[in-house]
Amino acid sequence: MSADNNRNYHLFIDGAWTDGGGDWIVVENPATGEGCAQVAKASVADLDAALEAANRAAPLWRATSPWDRSAILSACAREVEARRESIARAITLEQGKPLAESLLEVGRTVDAFAWCAAEAIRVYGRVLPQREPGMRQMSVKEPIGPVAAFTPWNFPAFLPARKISAALGAGCPMILKPAEEAPGAAIIIAEACAAAGVPAGVLNLVFGDPAQISDHLIRSPVIRKVSLTGSPQVGRKLAALSGEMLKPATMELGGHAPVIVFADSNLRKAAAMTAAFKFRNAGQVCLGVSRIFVQEAAFDEFRAHFVDCVSGLRIGNGVEDGTTIGPMATGRGLARMDRMMADASDRGAVTEIGGSRHGNGGHFWQPTVLTEVPDDALIMTEEPFGPIAPLTPFADIADALSKSNAVDLGLAGYLFTRDLETATRVSDGLEFGWIGINNFSPTIAEAPFGGIRNSGFGYEGGPEGFDAYCRTKFVSQASL
Ligand code: NAD
């Protein structure tokens, strides 16, 4: 059983649910600050059991034909869809985002399984042009082997699903350690995968001490690939360990996305779109906008529209109807907002709206807009991952690019303009892996997604996301 009536979540190892050694981690509801569930803590013996299960499953899963793997992934999509409501409720309860946002996340989760089901039968190699008569030379793709994967709490359904669906589609078993802060969604997804026919040992879920788990799994010879979605700080540690063990790694790390609004834009629309995107999931989105640059001539008008939109947001518990911004997921996030706000105020920033915590319980922070924020303020240089939006004027394209590229994080960048030449020059000049022109590039299953610079390396989504779980073998064949 994945969870009992007291919401005790279990580990999933070798196709069975287990409570590990009996140690538990409390899961907090960020809207109330109270415990709402607990999740089992894996012991070293549990991790070894997961490694053994993945190792045993690897040759069987690899030998399962891509068509059969594809059929199982399609069934996963249907089983996840059938659990739509319970996954969305778990996300909102444990992570805080409004229920409507959680339902959208489950939709993207279903998409990931459905798209990978289709892609699993298209993992082609190449036949090379013949050099000599009688020779056949080709490159073939094979599953890379068992994967250790780690995901954060901000999209607790979609981020695990993106890794599970591509790895399993490519023929690799996985040991996944989702975030202990919001484990419920991944647990229900594992249930769905088991119901869909994913064989025992192909997908394993563990929770516990993150540093101990990552160290134990990555050092094991069973693990052939590491995939992390998380912060640059943890990325550095896991990339270093993967390097020491000579294991390939995909690092999907944090961002500090700029949006550049040119004066020729439809300012009202740009402001409404930017406000909606910025405050989604209380600003805790890796792709979310965290620096807003507006051309000088349009600054005052954009600010007025933007503040107007922000004043219309309704802060509250994500399960309540009408809530458009929920709490921050953790007390750590709230403390970070306190620190960034105090730093900006000390440096002379002007608070246009918001600026402090909200309410007497839970981790609520008011949606906040700041102006006159100096370039060296913390909020401009460190990933805020929260609901504070700094607005800064810029002069021209060169100024906008230099301000946008000034931070060494390269995940996403956006711009609004009606001028084709401006759009081309700015998108060429932005040093980010994910660009949106007059839109905030929706995360679609078929698109390659990956950061550059300190935002990491490697891709998820699209054929590139499948490649991450494949290795290439060259075969040269002659006749005797
Ligand atoms: P985090 O880096 O603290 O944790 C990410 C995962 O790594 C968790 O499961 C955590 O438990 C685990 N972990 C493994 N080894 C660890 C170790 N030695 N120490 C600590 N944790 C370890 O990230 P977070 O706070 O959960 O999430 C927020 C960060 O994730 C932000 O920086 C955000 O931008 C980033 N993020 C990136 C993407 C992306 O696709 N690029 C998507 C979502 C979030």
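Whatever order the structure lists ligands and atoms in, that order sets their numbers, starting from 1.
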- Message: Pairs of nitrogen or oxygen atoms closer than 3.5 Å, one from T151 and one from ligand 1: do any exist?
- Response: yes
- Query: Between L159 and ligand 1, which residue portion shows a heavy-atom distance shorter than 4.0 Å: side chain, backbone, both, or neither?
  - Reply: side chain
- Message: For F155, which part has a heavy atom under 4.0 Å from ligand 1: side chain, backbone, both, or neither?
- Response: neither
- Item | Identity and separation of the nearest protein heavy atom to atom 22 (C) of ligand 1 | P210 CB, 3.4 Å
- Message: Is it the case that ligand 1 has an N or O less than 3.5 angstrom from some N or O of E383?
- Response: yes
- Check ligand 1 against E180 and write out every atom of the ligand that is under 4.0 Å from a heavy-atom position of the residue. 11 (O)
- Message: I need the N439 CG to L415 CG distance, nearest 0.5 Å.
- Response: 9.5 Å
- side-chain hydrogen bond (donor to acceptor under 3.5 Å, both in side chains) against S290, all qualifying residues, sequence neighbours excluded: H256
Show the atom names and distances, to 0.1 Å, of all donor-acceptor pairs under 3.5 Å that link a side chain in residues 150-160 to residues at least two apart or in another chain.
unit_1 : atom_1 : unit_2 : atom_2 : d
N154   : ND2    : Q284   : O      : 3.1

- Item | Proximity winner for atom 42 (C) of ligand 1, if only heavy atoms of C286, G456, S214, A329 are counted | C286
- Query: Tell me: protein heavy atom nearest atom 12 (C) of ligand 1, and distance?
  - Reply: K177 CE, 3.9 Å
- Task: Would you kindly check if the NZ (Lys) or CZ (Arg) of R453 is within the cone defined by 45 degrees around the ring axis of F432 and under 6.0 Å from the six-membered ring centre?
- Result: yes
- State whether the number of non-hydrogen atoms from other residues, nucleotides or ligands found under 6.0 Å of N360 atom CG is greater than 12. no
- Query: For ligand 1, does L287 get within less than 4.0 Å through its side chain, its backbone, both, or neither, judged by non-hydrogen atoms?
  - Reply: neither
- Message: Protein non-hydrogen atoms only, distance under 4.0 Å: does atom 7 (O) of ligand 1 have such a neighbour?
- Response: yes
- Item | Heavy-atom nearest neighbour in the protein, as seen from atom 27 (O) of ligand 1, with distance rounded to 0.1 Å | P152 CB, 3.2 Å
- Query: Backbone, side chain, both or neither: what part of L411 comes under 4.0 angstrom of ligand 1, heavy atoms only?
  - Reply: side chain
- Query: Of the listed options (S231, A182, G255), which comes nearest to atom 2 (O) of ligand 1 when hydrogens are ignored and any heavy atom counts?
  - Reply: S231
- Task: With heavy atoms only and a cut-off of under 4.0 Å, state how E460 meets ligand 1: side chain, backbone, both or neither.
- Result: neither
- Indicate whether the side chain of S214 and that of K237 have a donor and an acceptor atom separated by less than 3.5 Å. no
- among protein heavy atoms, the one nearest atom 5 (C) of ligand 1 is T229 O, 3.6 Å
- Item | Nearest protein heavy atom with distance in Å, relative to atom 19 (N) of ligand 1 | V234 CG2, 3.8 Å
- Message: Within the structure, is a non-hydrogen atom of Q233 found at a distance of less than 4.0 Å from ligand 1?
- Response: no
